[in-house]
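What follows is one structure encoded as structure tokens, with my remarks underneath.
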Amino acid sequence: MTLFAGQLGAAETASWAVVINISAIVFMVPMGLSSATAVLVGRSYGAADKAGVMRGGLAGIAVVTVLAFIIALVIWPSARLIVGAYTTDPAILAIAAPALVLATLFFVADAMQVVAAQANRAAGDVVWPTLMHLLSYGLIMIPLGWWLAHRIGVDGLVWSVIVASLISGALLTGRFVRIAKRLA
């Protein structure tokens, strides 16, 4: 995605760097919760507590969904202020602040996908999460990102992450429910 931003220009590259950096900081919350969810699911899986597998995974997905939504609601109205902590360049502010507002739309789906992926892995399903990530982020996000970036700029990059995260989140959450039901 950064290579695609680089094709657009210096201000676009800097703007993308700001947006993806802030998004990466936000992602640390779901990443931590994904590990906690994996512990809960893995303990239940190891103890043959089939109901516990479902309960642990769904609890992790529910908690991260609520937290990511709250974080998005905080960042949405304060995007210009947050981007202003990175730069005072008016060109970058003009691109990055709206792109960060748009990026808040993928916070929930991105949070759900990482927690669901770890829940799947903890329940013994290691191949499908990898394939679903490859499909969502490799086969869909990358070409879509290139295409949209060259049509609508940095917002196109963000839209490609939104689409990929929604697909990944839906596939991985559905897969976890299927795996957990199969165990029950």
Pairs where residues 101-118 contributes a residue and the test salt bridge (Lys or Arg N to Asp or Glu O under 4.0 Å) is met, not counting sequence neighbours: none
Salt bridge (Lys or Arg N to Asp or Glu O under 4.0 Å) contacts touching residues 20-30 (sequence neighbours left out): none
Quick check: closest heavy atoms across [X] and [Y], and the distance to 0.1 Å?
| X | Y | value |
| --- | --- | --- |
| Ala97 | Ala79 | O-CB, 3.7 Å |
| Val64 | Ala111 | CG2-CB, 3.6 Å |
| Phe27 | Pro30 | O-CD, 3.1 Å |
| Val41 | Ala119 | CG1-O, 3.5 Å |
| Val19 | Ala103 | CG1-CB, 3.9 Å |
| Leu8 | Ala149 | CD2-O, 3.4 Å |

Do [X] and [Y] sit in one hydrophobic cluster, given that two such residues count as connected whenever their side-chain heavy atoms are within less than 4.5 Å of each other, even indirectly?
| X | Y | value |
| --- | --- | --- |
| Met28 | Ile71 | yes |
| Val114 | Leu134 | no |
| Val39 | Leu67 | no |
| Met112 | Leu73 | yes |
| Val108 | Ile70 | no |

Measuring only between side-chain heavy atoms, which start at C-beta, is [X] closer than 4.5 Å to [Y]?
| X | Y | value |
| --- | --- | --- |
| Gln118 | Met31 | no |
| Tyr45 | Lys50 | no |
| Thr37 | Ile61 | no |
| Ile142 | Phe4 | yes |
| Ile20 | Met1 | no |
| Leu105 | Trp76 | yes |
| Leu58 | Val177 | yes |
| His133 | Leu172 | yes |

Would you check if the side chain of [X] reaches a backbone N or O of [Y] as a donor-acceptor pair within less than 3.5 Å?
| X | Y | value |
| --- | --- | --- |
| Thr104 | Val101 | yes |
| Thr87 | Val83 | no |
| Thr130 | Val126 | yes |

Quick one: side-chain contact (heavy atoms from CB on, under 4.5 Å) partners of Trp128, sequence neighbours excluded? Asp125, Leu131, Met132, Arg175
Let me confirm one number: the [atom1]-[atom2] distance from [X] to [Y], rounded to the nearest 0.5 Å.
| X | Y | atom1 | atom2 | result |
| --- | --- | --- | --- | --- |
| Met141 | Phe106 | CE | CZ | 9.5 Å |
| Ile75 | Leu100 | CD1 | CG | 6.0 Å |
| His150 | Gln7 | NE2 | CD | 4.0 Å |
| Asn21 | Ile82 | CG | CD1 | 11.5 Å |

Set of residues satisfying salt bridge (charged side-chain N to carboxylate O under 4.0 Å, His left out) with respect to Asp49, sequence neighbours excluded: Arg55
Would you list the atom pairs, donor with acceptor, under 3.5 Å between side chains in residues 9-18 and any protein atom, with sequence neighbours excluded?
residue	atom	partner	partner atom	Å
Thr13	OG1	Ala5	O	3.1
Thr13	OG1	Gly6	N	3.3
Thr13	OG1	Gly9	O	2.7
Ser15	OG	Ala11	O	2.7
Ser15	OG	Ile92	O	3.4
Trp16	NE1	Thr2	OG1	3.3

Anything under 3.5 Å between a donor and an acceptor, one on a side chain of residues 158-171, the other on a protein residue two or more places apart or in another chain? List them.
residue	atom	partner	partner atom	Å
Ser160	OG	Leu157	O	2.6
Ser165	OG	Tyr137	OH	3.0
Ser165	OG	Val161	O	2.9

